[in-house]
Structure formats: C-alpha cells, structure tokens
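Side chains are part of it too, since the values below use all heavy atoms of this structure and drop only hydrogens, waters and symmetry mates. Each chain gets a letter, A, B and so on, in the order its sequence line appears, and its residues count up from 1.
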2 protein chains.
Amino acid sequence: MKRHVTIKDVARVAGVAPSTVSYVLNGSRAVTAETTKAVLEAVDQLKYRPNPTAQGLVSGAYRTIGVVSAQIYSQYRGRVVAGIHSALRGTGYHPIVSGIEDFAEPDEVLETVMGRGVDALIFHDHFFPPERIAELHRQMPVICVAREIDGMPDRSVLVDEVNGGYLATQHLIELGHTRIAHFVADHHFQGAAQRLAGYRKALEEAGIPFDPALVFQGDNLGDSGLRLAYELLESGVPVTAIFAANDYMAYGAILALHRRGLRVPEHISVVGYDDEHTSGFYVPPLTTIRQEPREMGRTAAEAVLKLLRGEVFRTVVTPTRLIVRESTAAPGHAG
Amino acid sequence: MKRHVTIKDVARVAGVAPSTVSYVLNGSRAVTAETTKAVLEAVDQLKYRPNPTAQGLVSGAYRTIGVVSAQIYSQYRGRVVAGIHSALRGTGYHPIVSGIEDFAEPDEVLETVMGRGVDALIFHDHFFPPERIAELHRQMPVICVAREIDGMPDRSVLVDEVNGGYLATQHLIELGHTRIAHFVADHHFQGAAQRLAGYRKALEEAGIPFDPALVFQGDNLGDSGLRLAYELLESGVPVTAIFAANDYMAYGAILALHRRGLRVPEHISVVGYDDEHTSGFYVPPLTTIRQEPREMGRTAAEAVLKLLRGEVFRTVVTPTRLIVRESTAAPGHAG
DNA sequence: AGCGTTTAGCGAAACGTTTTTCTAAAGATT
DNA sequence: AATCTTTAGAAAAACGTTTCGCTAAACGCT
C-alpha cells in the first residue's frame, strides 16, 4: 500500500546504478555534473528519502544517544534534556530518553534505552549504580552530568556545586544572618554534599561556627521542604534564614512559614537552588542559585559526539551564580 | 575492536543454522526441545542480543513513535510525555520527542522527528500547521493530544476543556463572586476558546451577564499573567476574582496582586488551570483545574499502537476536575 | 604515439536479521 | 508395505543501503 521508494527506483528513473545514486547523495566519490543532475532530478521527482534503518545496518551505528535522566518533572532537568536535543539537532544523531519515572528499576530503564541500540549514553541521575555505568563505559562512550564515577576520568559535565552553596550562604551572611539553616538535597545526589560543603565554607570564612542542629536532610520534594521547616520551627533553635538545596524544598519551606504566620523575607529569609522556571513568579520571588542546565546538556551532547569521533574530552565544570530576588533581606527587618 | 556477536556466531556455537536460532528466539516455528536448549545455551554463553537495526530492516518498521510537543518546560506537558513513555515501555516501540524549543520551525521539528524514520506520530502542540498534520495523516497513523484537526476524525485524545472552564467559574460563583475576570490561554491553543466557553456557560447559568471588559488575552507565560493583572487593576473595572487559563498565568497574577498590596484570597480569589506540580506549594496553595496528563499520554500512545495494529480507535475525551486549595474564598472576606 | 594513471560508472558483496523455499526423515493412512 | 503428510532443520532470498572491486574510457606524460 504505502510502497516505500528505494534507491533502486531512483537509479532506474535516473538511468544509473544504485551505487551511483549513493555516491551522488553522499558525495563519497566524484560524479559528473550531468549524472549528478539526473540523479537529483529523480530524487526530487520521486521524493526519495534514504531509509535510515538500512543506512544504520551497513554503517554499524544506530545514530542514537541514550539519555538516562531521573525526575524529568523538574524543569531544571527538562532543560538539560532540551540542551541535549538542541546540540544533537542536525548531527544525524537522536536522543532516546528514559528514566522519566522516578526511581524506575535500573534494569528496566536500561532495557528501554538500550533495547533499540544506542551508540553512546548520557547519564543525568544519581541512583543508577556506578558499577553498572562503569561497565557500560567499557563498551561505548558514556558521559555523566553532575556526577563523577570512579574509574571514569574526563567523562563528566560538572557544576560548581560547592561554589553554589557558598554563594547562597555568603549572600545571607552579607545581609547579616548568622543563624542559617540548610536543607540538604537528596542524599543519593553527589551535589548534595558539595552544596553542604559550600555552606560550611562560607560559614567558616565568616567565622560563624557550624551548628549541626541547623542542618536537615531533605529529599528534593516540596513536601520535604514543608516538613523540614515545621521540624526546624518546632525544634526551637533560633534561625533567621534557610538555604534550601533546591527550589522545590524552598517553596515547601516558605509555605510552612506562611502557615505559621511567618513572612518571607521579613521574618525569615529563604534561598533556593536551581532557579526553576516558576521561581521568578513565586510570592515572594525566590532568591536562588542559577546553573546553566541547557548549557550543561549541550556540553554533554557535544562531549559524546567528540568521543564518538575518537577525539578527547576533558571534564568541564560549568559555573553557578546567585540570582537575588525578594525572598532574602536583612534579619530583624520585621522588627 | 568491539566485534558484535551475531546470529551466525550463535548458530555456529549451537551447531545449527542461523534460521533455526531465529525460530527459537521468536517462537515462530516449532523446534525440538533439544535444539532449543542448545541454542539458548549458546545465546547465554555469547550474550547474544539481536541487532534491532537489522530486525527493523527486514520488518520494514522503525519501531519508533515520533512525538512533537510544544513547551516541554511545562510540567503538565512533561507528564503527557511521561505517560507516552510509560505506555510504550515493553512494547518494543520507543518515542522520539522533539519540539522542546518553543516555537521551533515546523520543518525543522519535523526533520528532527522524521529524520530517523518513525512509524507513527503524536502531536501535542498547537502551532504546527493543520494541513501539514493532515498530510502526514495520509502516510501513517497520527494522533493529536488536546487538539482536533479537520478531516481527521477519531484521531484525538481530548480533554473536557469546556467543563474545566465551567468548573472553575462555577466554583467562584458558588463562593459568591459575580465580577470574575478571565485570562485567556494562548490563542494558538484550541482549548483556549473552550475554556472561555465554559466560563461563559457558568456565568450564563448563574444569570451573570458576560462582560468583555473582564476578558484578557494571555500567552500562557507567568509574565503575561503579571502584565494582565496590572492591566486589569489599572482599568479600574471592579473585580473580585480571576480565573486564569493556566497555572503560570495565575502565578504571575498573584504576584502582581501581591505587589499592589492585594492579598489572595482575602481581596481577590484566583483559580488556575493544569495543576502544575508546584501549585500545591504556592503561597497560597492554588485552587486549579486538574486534568490527567499522564493518562492522556498513555491513551495517546495506546491509540497509536492500536492504529499500528490496524484496529480502530475512537476519539476519547478525558475528564477534568476542580482541585480546591487556598487561593479562593468568598468575596469581601478581607472586610 | 605508446604507455601508465586517473576518472566515472557499474555490479556485487556486505551489514544482521526474518521469512520463504527446499529437503530429508519420521509419522500417519489405507 | 507403499504412499501421503507432517515435522524440523538447512539453505537461500530478501530488506535498502554503502562500499569494494572491476572495467573501460579519458587523460597525462615522455
């Protein structure tokens, strides 16, 4: 019914051999202007498009990059994927994304991604077992985003998470805060410890003693920010600011404060992390740390293409910066 | 270097013909228990995995579903894609998603999706030219999400948008509001008119005259909600409630009200639409209309699979419901 | 002018499967 | 017991490309 037009049809119409059509289309060998013209006309006339599957079979490549990403619902992570898409556009490679479900079984995710055959992999998650990733690394190019794996040097696109934590905390210190709580990101996530390290570094530099009673372990969800803020308030430890390791936890925290009649930033300042798309329209607009997720995605995709071409790639660390909005102010401001 | 193990290798080790291996693996013909065992052992030993490209070549299918989605940054849309992924898992089909960029060129998007070959398409956008979609529809199964196209009966997964607009408005009317503004969704989007129709229907039923001065055309972004709310306030028309046709515009509106010293819901009630993931943690938590994006994605994917198998699919309309949170209250509540 | 070399085209092999066709042995039928 | 049918396996064709090897004509060199 929908008979596909093949290279043979083109060859027949143009009056040449199939191989000549291939040479014209790929420019892989010299062809007379005359023949070229005839072939191109036949291609146009028949609306011929090479069958990618057949091309893939002979080239031995799938022209596909597998992308494993946790928690796609985060706009931040969505933008990393968008960056990958955009860098791959026009290269002939296409991404196949999986791990949309939170914490799907590693094997299942891998099956989804690999089932169709991939030439390389990009991991942007923090739960996939490192040994499994290292094993895959031995078979094909693998790049990790915001994650480093033992035995895989120069295979990561990192963010300066320590600096992110440092900037957030330092901002609060500069405003005059000394009692700053920190809601730690999901412990599966490597950046969690680094953001915490940045937080400690800023405190130390300012001569403020680190108080473990101000540090709470979260899991990145809005609900956890809400719960931790209640916990913090009930613990009775004095506090004038909260640095949440992601925006969702910051949202939850602000809601909890609101419910307890505390206003942000008048009573308590809050800093988030990731600059989700909605954070500029939150009430109050959220001060947060911006990374460049699109840029990270692009870089990861370009790294993979480099490796595929046999070139070398060296781990890059992308910058973080502070976005000051209206959720932070000097303490005692409500007075 | 990374010599792939082929069906011939398996055949050689098992001491049978390649075709026999294929029969064993696909169960497409009877094979002795003895032979089966030998083949399976060889497969295990060599860790053989069939090459999907070669399978695709002979079957003539790509085992790929193209997905064109606008504005993936919306969590709502992301969840539709997640639903598609989840319905496709285990079927051997894989989605290839494009249109991540807002308003990318149709041709470019199509090239990205089709470049690799797809067996069917799912559209979840509102800017792709309908004639182009209808044309593709003649070549392969095509399903549209939240959109209907002339000449393509029974090719849509719809939402009861009219009811959504109705529920939101009726909720406000029940609380006692009569001056209700509506921020219309992006005009490219078919649902925009339907939500507006639901708004008018609720007003009419309650005997409240429709006032065009209360209707503002938005573009779905937070910024537009902000701008329209300022416009509304400056216009001086009396108003006690806003029904925004998506949550982002509601966020922007609430921020604008906040900036003008108006509290939600004490001074003005606000209803959103879509129930984005963050809306439950907004201050105040947002009353909104929930659709079932995952379910819609699943349904669309299942529809496509049905069509691929030659079965019939009839357009389905998925329900909408009202989620009451804390951004709505009776008017005059602030006293 | 005669010889080697480049050029441009053709035909066929190859990629790794599935599927169709063929064959020989085993089993069923009268 | 002789023929017919079923069975289980092998061999070969097919899917649509790219690429290798070959050939004949055109070209360049002395």
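A salt bridge links B:Asp125 with B:Arg147; the closest basic N to acidic carboxylate O contact falls under 4.0 Å. Electrostatic pairing of B:Glu302 and B:Arg298 counts as a salt bridge here, judged by a charged N lying under 4.0 Å from a carboxylate O.
A donor-acceptor contact shorter than 3.5 Å is absent between the side chain of B:Asp186 and the backbone of B:Asn220. No side-chain donor-acceptor contact under 3.5 Å links A:Thr20 to the backbone of A:Val16. The backbone N or O of A:Thr6 lies less than 3.5 Å from a partner atom in the side chain of A:Asp9, making a donor-acceptor pair. A donor-acceptor contact shorter than 3.5 Å is absent between the side chain of A:His85 and the backbone of A:Gly297.
Mapping B:Ala54 and A:Gln55 onto DNA chain D by nearest heavy atom places B:Ala54 closer to the 5' end of the strand.
A side-chain hydrogen bond (donor to acceptor under 3.5 Å, both in side chains) check over residues 128-137 of chain B, counting only residues at least two apart or in different chains, returns the pairs B:Asp107-B:Arg132.
With rounding to whole Å, B:Arg116 atom CZ is found 15 Å from D:dT17 atom P. Between the CG atom of B:Asn26 and the C1' atom of C:dT19 there is a distance of 11 Å, given to the nearest Å. If you measure from atom CZ of B:Arg12 to atom P of D:dA10, you get 14 Å, rounded to the nearest angstrom. As a whole-Å value, the separation of A:Ile7 CD1 from D:dT18 C1' is 8 Å. Spacing between atom NZ of A:Lys8 and atom P of D:dT18 amounts to 13 Å, rounded to whole angstrom units. B:Leu57 places its CG atom 6 Å from the C1' atom of D:dG16, with the value rounded to the nearest Å. For the pair A:Leu25 CG and D:dG16 P, the interatomic distance rounds to 16 Å; values are reported in whole Å.
Aromatic ring orientation, A:Phe123 versus A:Phe128: tilted (interplanar angle from 30° to 60°).
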- Note on the structure: Protein-proximity profile, nucleotides 9-14 of chain C, B/S/- by nucleotide at the 4.0 Å heavy-atom cutoff, equals BBBB--

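Between the side chains of B:Arg116 and A:Thr64, at least one donor N or O sits under 3.5 Å from an acceptor N or O.
A close approach under 4.0 Å does not occur between any side-chain nitrogen or oxygen of A:Asn51 and OP1 or OP2 of D:dC15. Between A:Ser22 and D:dT18 there is a side-chain N or O to OP1 or OP2 distance below 4.0 Å.
Using five terminal pairs a side, the axes of the helix from C:dA1-D:dT30 to C:dT30-D:dA1 at its two ends make an angle of 30°, given in steps of 10 degrees.
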